[in-house]
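Notes follow once the structure below has been shown.
Heavy-atom basis, side chains included; hydrogens, waters and symmetry copies ignored.
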Amino acid sequence: MNNFKKRVVIKVGTNVMTNKNNRIVGPILKNLVRQIAYLYERDIITILVSSGSAIAGKEVLGDCSAVDPTTRRQVFSSVGQPRLMRHYYSMFHDFGMSCAQVLATKRDFAPGEYRDNMINCYEALLHEGIVPIANEDDAVSLTMSMFTDNDELASLVAELVDADMMIMLTDTDGLYTGHPDDDDSELLHHVEGDQNVEKYVQTSEKGEGEGRGGMGSKLKIAKSTANKNIPTYIANGKEDNIIIDILEGKEVGTKFV
């Protein structure tokens with residue numbers, strides 16, 4: 001048996017790790033890794049589900065001559081994924097930790113040998129105290145079998161590893177009763193599984209490479225994950241100590257039970 005008492009799945013979205021010019025911000029990633037290292041010292045092991053490969057690829061390439069959106073995503077993600085992993089590898093190494101890349105398609109979660117094989121992989125990594133960094137395998141994903149977004153991937157991973165908690169990091173403090181910028185909007189700290197909070201969700205416009213998941217997707221995934229007895233949070237990943245605050249029981253973000 002390993003020494004870890006808890007397993008936490010943390011999903012970080014593209015909008016957390018980038019600035020308004022869609023450039024990846026190193027200090028935000030480093031802060032994320034610092035918090036994961038803090039939890040590691042307290043016998044809490046993290047599985048990180050990280051977006052950002054497409055943006056990382058766009059930063060390198062600038063543009064791509066392919067017209068088909070799926071092909072463009074494949075090119076940007078294939079170029080960006082090793083670049084993103086290099087960032088993570090270096091940062092985890094600075095904290096004396098190891099990380100690993102686990103790329104998956106939806107097929108890998110269907111009952112059978114693919115799923116069993118992935119469970120073996122995760123269990124072996126977690127047993128060794130290695131932080132798995134999961135992302136969709138965009139290079140080989142077929143459009144009809146893609147994850148809706150990385151929120152869905154995070155939920156499937158949380159179920160796969162029997163996680164104690166899932167945290168979805170975004171660029172707002174959680175779920176509000178209106179637009180986050182409106183003065184009369186209130187942050188909802190607790191949401192029950194059957195509570196009708198969908199009415200509060202605003203639509204969002206996103207550009208290429210900016211991530212596919214909006215608040216509507218997060219809400220749906222948070223509820224379904226909580227219904228699997230995995231408490232789920234939506235919280236602001238740009239806040240310095242957000243992950244530690246959640247694990248220490250502070251009233252931050254929106255908790256789904």
query = When you look at Ile45 and Tyr40, which way does the side chain to side chain contact (heavy atoms under 4.5 Å, CB included) test go after all the steps?
reply = CA-CA 5 Å; Ile45 188 84; Tyr40 181 87; 4.0 Å; yes

key: Derivation and outcome, side chain to side chain contact (heavy atoms under 4.5 Å, CB included), residues Ile47 and Ile10   = CA-CA 6 Å; Ile47 300 96; Ile10 296 170; over 6 Å; no

message = Regarding Thr177 and Ser185, do their side chains bring together a donor and an acceptor under 3.5 Å, going by distance alone?
response = no

Whether the side chain of [X] engages the backbone of [Y] through a donor-acceptor N/O pair (distance < 3.5 Å, no angle test) should be reported.
X      : Y      : answer
Glu136 : Thr105 : no
Gln35  : Ile242 : yes
Asp137 : Ala104 : no
His189 : Lys255 : no
Arg83  : Val79  : no
Asn241 : Asp245 : no
Glu152 : Phe147 : no
Arg34  : Asp240 : yes
Ser224 : Ile221 : yes
Arg72  : Ala66  : yes

key: Of Leu187, Leu188, Thr170, the residue whose pairing with Leu175 passes side chain to side chain contact (heavy atoms under 4.5 Å, CB included)   =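 Of the listed options, the one satisfying the test is Leu188.
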
Under 4.5 Å between any side-chain heavy atoms of [X] and [Y], yes or no?
X      : Y      : value
Tyr122 : Val157 : yes
Met118 : Asp116 : no
Tyr233 : Met165 : yes
Val49  : Val12  : no
Ile28  : Val16  : yes
Glu123 : His127 : no
Val252 : Asp173 : no
Ile234 : Phe256 : yes

So if you build clusters from Ile, Leu, Val, Met, Phe, Trp, Tyr with side-chain heavy-atom gaps below 4.5 Å, do [X] and [Y] land together?
X      : Y      : value
Leu103 : Met85  : no
Ile244 : Met97  : yes
Val9   : Ile44  : yes
Tyr38  : Leu126 : yes
Val75  : Val60  : yes

Please name the pair of heavy atoms, one in [X] and one in [Y], separated by the smallest distance, quoted to 0.1 Å.
X      : Y      : result
Thr14  : Gly52  : OG1-N, 3.6 Å
Met17  : Ser50  : CE-OG, 3.5 Å
Glu159 : Lys228 : OE1-NZ, 3.2 Å
Ile230 : Ala163 : CG1-O, 3.7 Å
Leu153 : Ala134 : CD2-C, 4.4 Å
Asp151 : Met168 : OD1-SD, 3.7 Å

ask   = side-chain hydrogen bond (donor to acceptor under 3.5 Å, both in side chains) with Ser51: which of Thr18, Asp149, Asn150, Asn135?
value =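 Passing option: Asn150.
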
query = Parallel, tilted or perpendicular: which fits the ring planes of Tyr89 and His93, with parallel below 30° and perpendicular above 60°?
reply =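 Plane angle under 30°, so parallel.
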
Distance under 6.0 Å and angle within 45° of ring axis: [X] vs [Y]:
X      : Y      : answer
Arg107 : Tyr114 : yes
Arg7   : Phe4   : no
Lys58  : Phe76  : yes

Taking [atom1] in [X] as the centre, count heavy atoms belonging to other residues, nucleotides or ligands within less than 6.0 Å. Is the count above 12?
X      : atom1 : value
Asn229 : CG    : no
Lys220 : NZ    : no
Glu113 : CD    : no

inquiry  = Within this structure, what is the CD-CD1 distance for the pair Glu41 and Ile36, rounded to the nearest 0.5 Å?
reply    =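 One finds 13.5 Å between CD of Glu41 and CD1 of Ile36.
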
query = For the atom pair CG (Leu160) and CG (Asp108), what is the distance rounded to the nearest 0.5 Å?
reply = 10.0 Å

inquiry  = Walk me through whether Leu84 and Ile24 qualify under side chain to side chain contact (heavy atoms under 4.5 Å, CB included).
reply    = CA-CA 9 Å; Leu84 191 62; Ile24 290 175; 4.3 Å; yes

task = Begin with the C-alpha distance, continue with both residues' side-chain angles, and end with the deciding distance and a verdict on side chain to side chain contact (heavy atoms under 4.5 Å, CB included) for Lys11 and Leu169.
result = CA-CA 6 Å; Lys11 185 263 176 176; Leu169 296 177; over 6 Å; no

request  = For the pair Lys6 and Asp164, find out whether any cationic side-chain nitrogen is under 4.0 Å from an anionic carboxylate oxygen.
outcome  = no

